[in-house]
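For reference, the structure is listed below as structure tokens.
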Amino acid sequence: DTGVSQDPRHKITKRGQNVTFRCDPISEHNRLYWYRQTLGQGPEFLTYFQNEAQLEKSRLLSDRFSAERPKGSFSTLEIQRTEQGDSAMYLCASSISGGYAGELFFGEGSRLTVL
Amino acid sequence: GENVEQHPSTLSVQEGDSAVIKCTYSDSASNYFPWYKQELGKRPQLIIDIRSNVGEKKDQRIAVTLNKTAKHFSLHITETQPEDSAVYFCAARWIQGGSEKLVFGKGTKLTVNP
């Protein structure tokens, strides 16, 4: 499968713990996005990378959230001191820039449950 | 700020009927409008998209229309089938500075009754 892959698919943690999610985009895609989705809602933008540069981070994102894409390939999303309100599906998506590009290819998501 | 409104939030139709979902967007500079289908427990997948240089696009039973003046676009599904049952999301591309992203609506849960 050469699509976007995310790991882990499910994570259950206790409040106050740190969690990290990994995303491996489609290999030739230079753009990578993290979105959060809660039940009954559309994907909500968190952050965007072009190659290794983080070009935008949502104003709604607290300082407990950090994302990296060190070599312009895979990315990690870390949530520190998790809260129950962080429970959601975290979706990674990738795309390619240039021309008529625009389609986002989503991974299956990492579901976080904070107890 | 960027915003996409989507209606209705739920839609129930009989098999064979048509379904229409409508979205409005806030940024007149948006130039790309995709529609994604998400089945329960699955990833969102693109089903059709339209760019701002055209007013309508069709792909078999699915069509999308765009009215740039009014800043709204719609998804039309004809001859609906039970396998069309899913949540559908519209989105608009938001470009600001060196960044661009898709801003999504809240979704429409479509149920096609056999």
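In what follows, chains carry the letters A, B, and so on, assigned in the order in which the sequence lines appear, proteins first and then strands, with residues in each chain numbered from 1.
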Taking atom CD of Glu79(B) as the centre, does the number of heavy atoms from other residues, nucleotides or ligands within less than 6.0 Å exceed 12?
no
Here the pair of heavy atoms bringing Leu55(A) nearest to Ser99(B) is O-CB, 4.1 Å
Rounded to the nearest 0.5 Å, what separation is found between the NZ atom of Lys101(B) and the OG atom of Ser58(A)?
6.5 Å
Are Phe45(A) and Phe104(B), when compared by the centres of their aromatic rings, separated by less than 6.0 Å?
no
May I ask you to name which of Glu56(A), Gln50(A), Arg59(A), Arg111(A) has the most heavy-atom pairs under 4.5 Å with chain B?
Glu56(A)
Counting only heavy atoms not in Lys68(B), do more than 12 sit closer than 6.0 Å to its NZ atom?
yes
Answer yes or no: are there more than 12 heavy-atom neighbours, outside Arg64(A) itself, under 6.0 Å from its atom CZ?
yes
Crowding at NZ, Lys109(B) (>12 non-hydrogen neighbours, <6.0 Å)
no
Please say whether more than 12 non-hydrogen atoms of neighbouring residues, nucleotides or ligands are located less than 6.0 Å from CG in Leu115(A).
yes
Leu104(A) versus chain B, heavy atoms under 4.5 Å apart: side chain, backbone, both or neither?
both
Above 12 or not: heavy atoms from other molecules or residues under 6.0 Å from CD of Gln60(B)?
no
Is there a side-chain contact between Glu103(A) and Tyr32(B) (heavy atoms, below 4.5 Å)?
yes
Contacting moiety of Pro34(B), where chain A heavy atoms sit under 4.5 Å
neither
Count the heavy atoms of every other residue, nucleotide or ligand shown that sit under 6.0 Å from CD1 of Ile12(A), and state whether that count exceeds 12.
no
Heavy atoms, side chains only, cut-off 4.5 Å: are Gln38(B) and Gln37(A) in contact?
yes
Salt-bridge contact Lys42(B)-Glu108(A) (side-chain N to carboxylate O under 4.0 Å)
no
Rounded to the nearest 0.5 Å, what separates atom OH in Tyr48(A) from atom CD in Glu100(B)?
5.5 Å
Is the closest side-chain heavy-atom distance between Tyr35(A) and Leu102(B) below 4.5 Å?
yes
Tell me if the CD atom of Gln80(A) is crowded by more than 12 foreign heavy atoms within 6.0 Å.
yes
